Amino acid sequence: MQIQQGLIQVLLYEKDGFHSILGFTPLILRWLLHVQEEGAAATLVLQFQETLHALALLLGQFAKKVTHTLQGHIIAVEIEAQREDPSPSPAPHLPSTMCSFRPCWACCCLLLFFSLEVQGSPKPPSAAPEQVHLSYSGEPGSMTVTWTTWVPVPSEVQYGLQPSGPLPFQARGTFSPFVDGGILRRKLYIHRVSLQGLLPGVQYVYRCGSAQGWSRRFRFQALKNGPHWSPRLAVFGDLGADNPRALPRLRRDTQQGMYDAVLHVGDFAYNMDQDNARVGDRFMKLIEPVAASLPYMTCPGNHEERYNFSNYKARFSMPGNTEGLWYSWDLGPAHIISFSTEVYFFLHYGRHLVERQFHWLESDLQKANKNRAVRPWIITMGHRPMYCSNADLDDCTWHESKVRKGLRGKFYGLEDLFYKYGVDLELWAHEHSYERLWPIYNYQVLNGSQEMPYTHPRGPVHIITGSAQGCEELLTPFTLFPRPWSALRVKEYGYTRLHILNGTHVHIQQVSDDQDGKIVDDVWVVRPLLGRTMYL
Ligand SMILES: [Fe+2]
């Protein structure tokens, strides 16, 4: 197999999942230079331009085992490091971007991405829709259909009421190109079509695409209008593209009509930008059986950060004009607010985002409270929790977590804001476990009563549900002893069912995938219709 020329991007993986981009060809060579003798690295330069076989042989000079696979234009080379003992020899002088690298890693994996002309012809770009998913714009009687093609073609949805036969209704939309930030600069075309005037609660059949290619048919039920119905939601965060534990059951639940919508509380695919965004493509295809049948509502997590959250913003179609970073919508008796905890952590994308989002949240909460008699429940979803009792060093384990107390412990903290406006339920993820807190404000447990803590609670209820999982990420352990404000901790894969029964009663259940769907948490939150706008 001949390799002619091209650039190499290197991703270096530790066993625990940490990864960092080391850089391109010159950096690899500089690294090799320090690990091996100068001659070997020099030889690598020459041989690399000739054959893959020679490259593998050369890598083999300093590795225990080298394997490589070819997928399209991607060559993945796995290297098991030769030295396993942490040698006391002085560390070589490495470039600053590589200072975390230690040659004593037991196992590492180099993925070499060649933007080069490897022999073999790629598949022609496809006009057939893929990665079909739904979202709700917040406008009653609407549903947005989003999908991907690899060439610019028209965006059309045909829909109707009959499972087979002609689809009499048509809606047209637009597409926009999305260029991933990876080295291959892969270009996707994201299509969006808004269906309007849907009859509430009626089941529709649809397909999307154009004359150049159509999707298969999917079904969905239009959301009911008004506050007087009982929405059922699947809620989870941290769902990966590889071996996603919760997905088979979610798919079955969806086919059985158990839910009206999904809330995915950040962290998708691990990560959508990975492998030049191919992981994002794979993830979006994987969730299609769920997301093409239910509005799949999202918020961004830390794993969406690359290239300024561009994969997240491009692939999903959330309400409002903030590309899904924050928005709110009404569902039955609830007002649901989705926001980005990530603005507090990735300040290089704009410190002003913290302030803008905070002011938007306050204004949205004020409007929601004016409408509280109609939609009594205010539910928030954000990725990183304010509190958690996991045994890691995440933000939520610190007493003054950024999400809770804000920047520098005093600017734009969310706990005071949510408490002030009487938020009922706060949904979080990020920690790969399930944890339910007692009603809480500023570390004070504010149970309704000792016998019925969640009936007339005097502070918001927090649920952390980040154990849907997949990929190399594992469950997060808890501290040995629960915190006084922690009501229940479950270290099992699973997801949460949220049933908003009416204006006063909400039912929360946690499903364990480790225990074949067993319900491992079951609690009702009850609040009176009056006096919801603030906690007394
Ligand atoms: Fe996360």
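As the structure lists them, so they are numbered: ligands from 1, and atoms in each ligand from 1. Note that this is a predicted model, so its numbers are computed, not measured.
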Tyr419 and Tyr535: ring-ring contact (aromatic ring centres under 6.0 Å, His included), yes or no, with the steps? CA-CA 7 Å; Tyr419 181 76; Tyr535 288 103; 5.5 Å; yes
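- Residue Asp267 approaches the Fe ion (ligand 1) most closely through its N/O/S atom OD2.
- Ring geometry for Phe316 versus Phe268: interplanar angle of 30 to 60°, hence tilted.
- Using a distance-only test at 3.5 Å, with no hydrogens or angles considered, no donor-acceptor pair links the side chain of Arg278 to the main chain of Gln274.
- Relative to the six-membered ring of Trp377, Arg532 meets both conditions, a distance below 6.0 Å and an angle of at most 45° to the axis.
- Within His383, the N, O or S atom lying nearest to the Fe ion (ligand 1) carries the name NE2.
- Restricting His430 to its N, O or S atoms, the one at the least distance from the Fe ion (ligand 1) is ND1.
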